[in-house]
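Remarks on the structure that follows.
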Amino acid sequence: MARLRHVWLRLSSLILRRRHYAYLKVWAGRLVLWGGAVGVGLLAVGFARLSDHAVHFFRDGAKAWWWLPLVVTPLAGAGCVWITRRWFAGAEGSGIPQTIAEMSRPESPGWRPLLSLRIVVGKVLVGAAAVGSGFSLGREGPTVQVGASLMNALHRWLPGGLHIPRTHMLVAGGAAGIAAAFNTPLAGIAFAIEELTRSVEARMSGLIITAIVLAGIVSQTLLGKASYFGQIAIAGSDRDMALAVAVTALVCGVAGGLFSRMLIIASTSWRGSLADLRRRRPVLFAALCGLLVAALGVVSGGLSFGSGYTETRHLLEGTAQLDWHYAPLRFIATLIAYLSGLPGGIFAPSLAIGAGIGHDLAPLLGQQAHPGMLLVLCMAGFLAAVTQAPITAFIIVMEMVDGYSVIIGLMAVSLLSAGVSRLFSPPLYHTVARHLLARNTPPPC
C-alpha cells in the first residue's frame with residue numbers, strides 16, 4: 001500500500017511539473033507577443049516624430065531660402081537611394097507589398113529577405129530622411145513593414161509548443177503598424193483582413209487584436225487620444241450626400257485607378273530610356289527625381305513637399321484656401337517620388353490628393369461654404385481606388401476625422417470608387433507583391 005502511494009505521489013508530481021512547464025511556455029509566448037506589440041507602437045511613434053521634425057526643419061529652411069530645395073532634395077534623394085541599396089536592400093518602396101510577398105515566400109535557399117531588423121533601421125531612418133527632404137511620401141505604409149519585420153524577428157523566440165505560424169506574426173505586426181501609425185485600431189483589423197490575409201482564422205484574430213490594442217495603447221499614451229486630423233465639422237443634407245457620393249465615386253475612382261496603374265507599371269513593367277536609366281544609374285535617377293520634386297515645390301510655394309498632412313488638415317479645418325492645382329501637383333509629385341525608389345508609402349499622399357480633389361469639386365457642387373463632407377468623401381474614395389481596399393479606406397478616414405455621422409456615405413463612396421478603379425487597374429499591393437515574389441525567388445537548379 002505504501003509503495004502504491006509513493007508511486008502515485010511521484011506520478012502526480014511529474015504531471016504537475018509538466019503542467020507548470022506548459023503554463024510557463026504559454027506565458028513566455030504571451031510576453032514575447034506583448035513585447036513585440038509594444039515595440040511596434042514605440043517604433044511607429046518614433047517614426048512619426050522623426051518624420052515630423054524632419055519635415056518642419058525642411059519647410060523652415062525652404063521658407064528662409066527658396067533655392068534650398070533645389071540643392072537639398074536632389075542630393076538627399078541620391079544619398080538615400082545609395083544608402084538603401086548599399087546597406088538596406090529590401091527597404092525600398094511602400095513596405096506593404098514586401099510584407100505580402102514575405103507571407104508567400106518559398107522555403108528554399110537564396111531568398112533575399114524583405115523583412116529583418118536591418119530593414120527596420122533603414123525604413124525608419126532613410127524613410128524619415130526622404131520625407132524630410134521634400135519627397136511626397138508617407139510613413140504609414142512603411143510602418144507595416146517595420147511592424148512585420150519586428151514580429152518576424154521575434155517569431156524565433158516563441159516556444160515551439162505554441163505552434164503559432166510565422167505568417168500570423170507578420171499579419172499581427174503589419175496590422176499593429178497601420179493601427180499605430182494612423183492611431184486607428186479598427187482600421188488595423190480591417191487592413192489585416194482585407195489586404196494582408198483576405199481571411200482570418202478564429203485563432204489568428206485574437207493575436208491580431210492583442211497586437212493592435214497594445215500598439216494602440218503605446219501610440220495613444222505618447223501621441224495623445226486625438227484622431228489623426230482632429231474633429232472635423234461635417235454638415236450637409238441627404239441630397240447633398242447622394243450627389244457628392246455619385247460624383248466623388250466617379251472622379252476619385254477614375255483618378256485613383258489611373259494612379260494605381262501608373263504605380264504598378266513603374267514597379268513591374270516600365271520600359272524605355274528613362275526606365276533603363278533607373279536600372280543602370282539608380283542614384284543619378286533619384287537625383288533627377290529629386291530635382292523635379294524640388295522644382296514642383298518651389299513653383300507651388302512648397303505645397304507639394306512632404307506627405308501632405310499639413311495641407312490636408314488645413315483644408316479640413318477650413319483655415320486655408322489652396323489653388324486648384326494642389327491635387328494635380330500632389331499627384332505628380334507622389335508619382336515621381338515613388339519612381340525614385342526611396343523608402344516611403346502612398347497612404348498619406350493619397351489622402352492629401354483626395355482632399356485636393358474634394359477642394360476642387362466643392363465649387364462645382366455648390367458646397368464651397370461647407371466642404372468638410374466632400375473632402376472626407378474624396379479622401380476615402382481616392383484611397384479606396386488606389387488600394388482597392390474599400391473597407392480599410394472608409395474605416396481609416398472615419399477614425400481619422402471622427403466621421404461617424406457620414407459613415408454610410410464613406411462606405412458607399414469607398415465601394416463605388418474601388419469598383420470604378422478595377423476598370424483601370426488590378427489591385428496595387430498584391431500585383432506588386434507577386435512581382436517581388438517572382439523577382440526574389442531563386443531559379444530552380
Side-chain angles (χ1 to χ4, degrees), residues 136 138 182 227-260 300 303-304 307-334 346-387 390 392-418 420-421:
S136 180
F182 277 119
S227 55
Y228 192 79
F229 286 117
Q231 292 185 331
I232 306 302
I234 300 174
S237 65
D238 291 341
R239 184 177 179 180
D240 293 336
M241 173 74 74
L243 178 62
V245 167
V247 175
T248 296
L250 179 60
V251 174
C252 290
V254 172
L258 292 174
F259 186 68
S260 176
S300 65
L303 290 180
S304 61
S307 66
Y309 171 84
T310 302
E311 290 78 17
T312 304
R313 179 150 194 163
H314 286 329
L315 284 175
L316 290 169
E317 293 174 344
T319 56
Q321 286 294 322
L322 302 182
D323 292 329
W324 67 269
H325 50 69
Y326 171 70
L329 277 175
R330 177 66 63 179
F331 187 105
I332 296 170
T334 306
I346 59 167
F347 266 75
S350 293
L351 292 170
I353 295 168
I357 293 173
H359 176 70
D360 291 341
L361 290 177
L364 301 178
L365 298 180
Q367 297 185 25
Q368 62 267 38
H370 301 286
M373 178 180 67
L374 193 58
L375 293 176
V376 297
L377 290 177
C378 285
M379 289 165 64
F382 190 82
L383 182 61
V386 172
T387 62
T392 302
F394 87 74
I395 291 178
I396 280 179
V397 175
M398 181 193 71
E399 289 190 278
M400 285 194 307
V401 302
D402 196 16
Y404 192 79
S405 61
V406 290
I407 186 172
I408 300 300
L410 290 173
M411 293 170 66
V413 77
S414 298
L415 291 170
L416 292 172
S417 295
V420 173
S421 173

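If you're wondering where the values come from, they're calculated on a predicted model, not measured in any experiment.
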[X] [atom1] to [Y] [atom2] distance, which is reported to the nearest 0.5 Å:
X: L315; Y: R313; atom1: CG; atom2: CZ; value: 12.5 Å
X: F182; Y: L351; atom1: CZ; atom2: CG; value: 5.5 Å
X: L316; Y: H359; atom1: CG; atom2: NE2; value: 12.0 Å
X: L383; Y: M400; atom1: CG; atom2: CE; value: 7.5 Å
X: D360; Y: L365; atom1: CG; atom2: CG; value: 11.0 Å
X: R330; Y: I357; atom1: CZ; atom2: CD1; value: 12.5 Å

Any idea which heavy atoms bring [X] and [Y] closest together, and the distance?
X: A244; Y: L374; result: CB-CD1, 3.7 Å
X: L375; Y: A355; result: CD2-O, 3.2 Å
X: T334; Y: P349; result: OG1-CB, 3.5 Å
X: L377; Y: L410; result: CD2-N, 3.8 Å
X: S417; Y: A249; result: OG-CA, 3.3 Å
X: S307; Y: A352; result: O-CB, 4.0 Å

(message) A side-chain contact here means heavy atoms from C-beta on lying under 4.5 Å apart; do S136 and S304 qualify?
(response)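 The answer is no; the side chains never approach within 4.5 Å.
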(request) Evaluate the side-chain proximity of L303 to L322: yes if any heavy-atom separation is below 4.5 Å, no if none is. (result)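 Yes; the side chains approach each other to less than 4.5 Å.
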(request) Output all residues satisfying side chain to side chain contact (heavy atoms under 4.5 Å, CB included) with V420, sequence neighbours left out; order by chain, then residue number. (result)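 By the side chain to side chain contact (heavy atoms under 4.5 Å, CB included) rule, V420 matches V254, F424.
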(message) I'd like to know if the side chain of S421 and the backbone of A385 have a donor-acceptor N/O pair within less than 3.5 Å.
(response)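 It does hold such a pair.
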(message) For F382 and F331, take the angle between the two ring planes, folded into 0 to 90°, and tell me which bin it lands in: parallel under 30, tilted 30 to 60, perpendicular over 60.
(response)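 F382 and F331: perpendicular rings.
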(request) Any chance you could lay out the side-chain contact (heavy atoms from CB on, under 4.5 Å) test for L361 and C378, step after step, and finish with the verdict? (result) CA-CA 9 Å; L361 290 177; C378 285; 4.0 Å; yes
